Number of protein chains: 2
Amino acid sequence: MRIMEAEARRPGDINDPDCPTRRLIDRVGDKWSVLVILRLFERTHRFSELRTAIGGVTPKVLTHTLRALERDGLVERHVYAEVPPRVEYRLTGLGHSIVAPLAALRDWAEEHIPQVVQARERYDAAHAKGPEGE
Amino acid sequence: MRIMEAEARRPGDINDPDCPTRRLIDRVGDKWSVLVILRLFERTHRFSELRTAIGGVTPKVLTHTLRALERDGLVERHVYAEVPPRVEYRLTGLGHSIVAPLAALRDWAEEHIPQVVQARERYDAAHAKGPEGE
DNA sequence: CAGGATCCATGGGGATACTG
DNA sequence: CAGTATCCCCATGGATCCTG
């Protein structure tokens, strides 16, 4: 499998800043990036639209997230010099390309998270009072 | 089937702790989980093996990571009551199932990170001295 | 409307030392 | 060997207020 190839060429050296896996984690690891990307995949959004659509995100953080995404070339920022300021965000081609992998992961989540939850309950139940039964 | 619950209650409400996407981010968002999973996909590892193989991870953090993974049902922990303590970690079936999506993302990274890096350089160059040429 | 500026709480995660 | 126990730093991100 592909995984083996990667392993062969870069044997898990996550200290290497060039390690793709490492950078990937940085990218999708933060709290809002993925949500923003999946939102923008649907359609172009204005700042406020994203803000209300996602909910729970503060302007500062949303701005930061969007800037990071823009810097990485995943999102485009379009400013319209109008009287009521209008700024639209949309995915770039690169941004679109990451949607599929992201969607794959999301699909995994939707399908398996219940099992994860069950596993947690089992684990907690077995460890809360101390592993006796065995 | 899978989506109905999460989707039905709130399309994209990441405030809902049950939102699969949200939980997924929690899982793959931390610094070492993905590395550990991909390592264990190759073969079973002992604690020290993982430690040296991944490198840069402290025992405390590695333990924490493994515990979380175990709790989520992605990793199995096998303790051998021997004189020199031996503990082996391996992926569960569930753990194996997430490798493919993870690999997809990793493949994306390997293929597109260079573009991301370029985008960053362009962005930084364009913003460092002030956006004039606009 | 879009976001910059500030202050601050939380905790992930690193370093180090110790133990069953 | 396989962790535990502490201490500590600082990046992430939330709350609030302010502005072009």
Side-chain angles (χ1 to χ4, degrees), chain A residues 14-15 17 19 21-23 25-36 39-40 44-72 75-90 123 127 130-131, chain B residues 14-15 17 19 22-23 25-36 39-40 44-72 75-90 123 127 130-131 134:
Chain A
I14 37 63
N15 291 318
C19 173
T21 304
R22 204 68 198 74
R23 317 210 67 137
I25 294 174
D26 292 341
R27 179 73 1 258
V28 304
D30 73 278
K31 198 169 182 182
W32 306 104
S33 292
V34 175
L35 284 313
V36 169
R39 269 286 156 184
L40 292 182
T44 295
H45 280 69
R46 303 181 56 170
F47 187 85
S48 324
E49 287 176 337
L50 279 174
R51 208 178 142 185
T52 60
I54 293 182
V57 62
T58 59
K60 189 194 75 169
V61 175
L62 180 56
T63 297
H64 191 204
T65 301
L66 287 168
R67 286 290 183 285
L69 256 21
E70 188 194 357
R71 192 171 100 100
D72 288 353
V75 163
E76 274 176 11
R77 182 168 176 266
H78 293 276
V79 183
Y80 299 88
E82 301 175 354
V83 183
R86 185 160 60 100
V87 179
E88 290 187 346
Y89 294 92
R90 68 191 60 175
Y123 184 94
H127 289 71
Chain B
I14 36 61
N15 291 317
C19 173
R22 203 68 197 72
R23 317 210 67 139
I25 295 175
D26 292 342
R27 183 69 5 256
V28 304
D30 72 275
K31 198 170 181 179
W32 307 104
S33 291
V34 174
L35 286 311
V36 169
R39 270 286 155 186
L40 292 181
T44 295
H45 279 70
R46 301 181 58 169
F47 187 84
S48 325
E49 288 176 334
L50 279 175
R51 208 177 142 184
T52 60
I54 293 184
V57 62
T58 59
K60 189 193 74 170
V61 174
L62 181 56
T63 298
H64 191 208
T65 301
L66 287 167
R67 287 289 184 284
L69 256 20
E70 188 193 357
R71 191 171 100 100
D72 288 353
V75 163
E76 274 177 12
R77 181 169 177 267
H78 294 276
V79 183
Y80 299 87
E82 300 175 354
V83 182
R86 185 161 60 99
V87 179
E88 290 186 347
Y89 294 91
R90 67 192 61 175
Y123 184 94
H127 289 69
E134 179 252 327

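Sequence lines set the chain letters: A, B, ... in the order given, protein chains first and strands last, and positions in each chain run from 1. The structure presented is a predicted model; accordingly, all values stated were derived computationally and were not measured. Only heavy atoms go into these numbers, but all of them, side chains included; no hydrogens, no water, no symmetry mates.
Atom CG of B:D26 and atom P of C:dG12 are 10 Å apart (whole Å). A straight line from CG of A:L50 to P of C:dG3 spans 10 Å, rounded to a whole angstrom. The distance between atom NE2 of B:H78 and atom C1' of D:dG3, rounded to the nearest whole Å, is 18 Å. Rounded to a whole Å, the CG atom of B:L69 is 14 Å from the P atom of D:dG3. A straight line from CD of B:E49 to P of D:dG3 spans 12 Å, rounded to a whole angstrom. Rounded to whole Å, the distance from CZ on B:F47 to C1' on C:dG20 is 15 Å. We find that CD1 of B:I25 is positioned 17 Å from C1' of C:dG12, with the value rounded to whole Å.
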Please tabulate, one pair per line, each protein N/O and nucleotide N/O from nucleotides 7-13 of chain D that are separated by under 3.5 Å, including the distance.
{"from": "D:dG13", "atom 1": "OP1", "to": "A:K31", "atom 2": "N", "distance (Å)": "2.8"}

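For A:R46, the side chain to side chain donor-acceptor pair (under 3.5 Å) criterion is met by no residue, not counting sequence neighbours. Shown here are the side chain to side chain donor-acceptor pair (under 3.5 Å) partners of A:R86, two or more places apart in sequence or in another chain: A:E82, A:E88. Applying the side chain to side chain donor-acceptor pair (under 3.5 Å) criterion to B:E70, with sequence neighbours excluded, gives no partner residue.
At least one side-chain heavy atom of B:R77 sits under 4.5 Å from a side-chain heavy atom of B:V87. Between B:I25 and A:W32 there is no side-chain heavy-atom pair separated by less than 4.5 Å.
Here B:K31 contributes atom NZ and A:D26 contributes atom CG; the two are 8.0 Å apart, rounded to the nearest 0.5 Å. Considering CG of B:L40 and OH of B:Y89, their distance stands at 10.0 Å, rounded to 0.5 Å.
A:S33 and A:L69 get closest at one heavy-atom pair: OG-CD1, 3.9 Å.
Residues from residues 80-89 of chain A that place a heavy atom under 4.0 Å from any atom of DNA chain C, listed by number: A:P85, A:V87, A:Y89.
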Show every donor-acceptor pair shorter than 3.5 Å between a side-chain atom in residues 51-65 of chain B and any protein atom, with sequence neighbours excluded, or say none if there are none.
{"from": "B:T52", "atom 1": "OG1", "to": "B:S48", "atom 2": "O", "distance (Å)": "3.2"}
{"from": "B:T52", "atom 1": "OG1", "to": "B:E49", "atom 2": "O", "distance (Å)": "3.2"}
{"from": "B:T63", "atom 1": "OG1", "to": "B:P59", "atom 2": "O", "distance (Å)": "2.8"}
{"from": "B:T65", "atom 1": "OG1", "to": "B:V61", "atom 2": "O", "distance (Å)": "2.8"}

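Nucleic acid contact for B:R51: none, since no nucleic acid atom lies under 4.0 Å from a heavy atom of the residue.
Here A:R77 reaches the OP1 or OP2 of C:dG3: one of its side-chain N or O atoms lies under 4.0 Å away.
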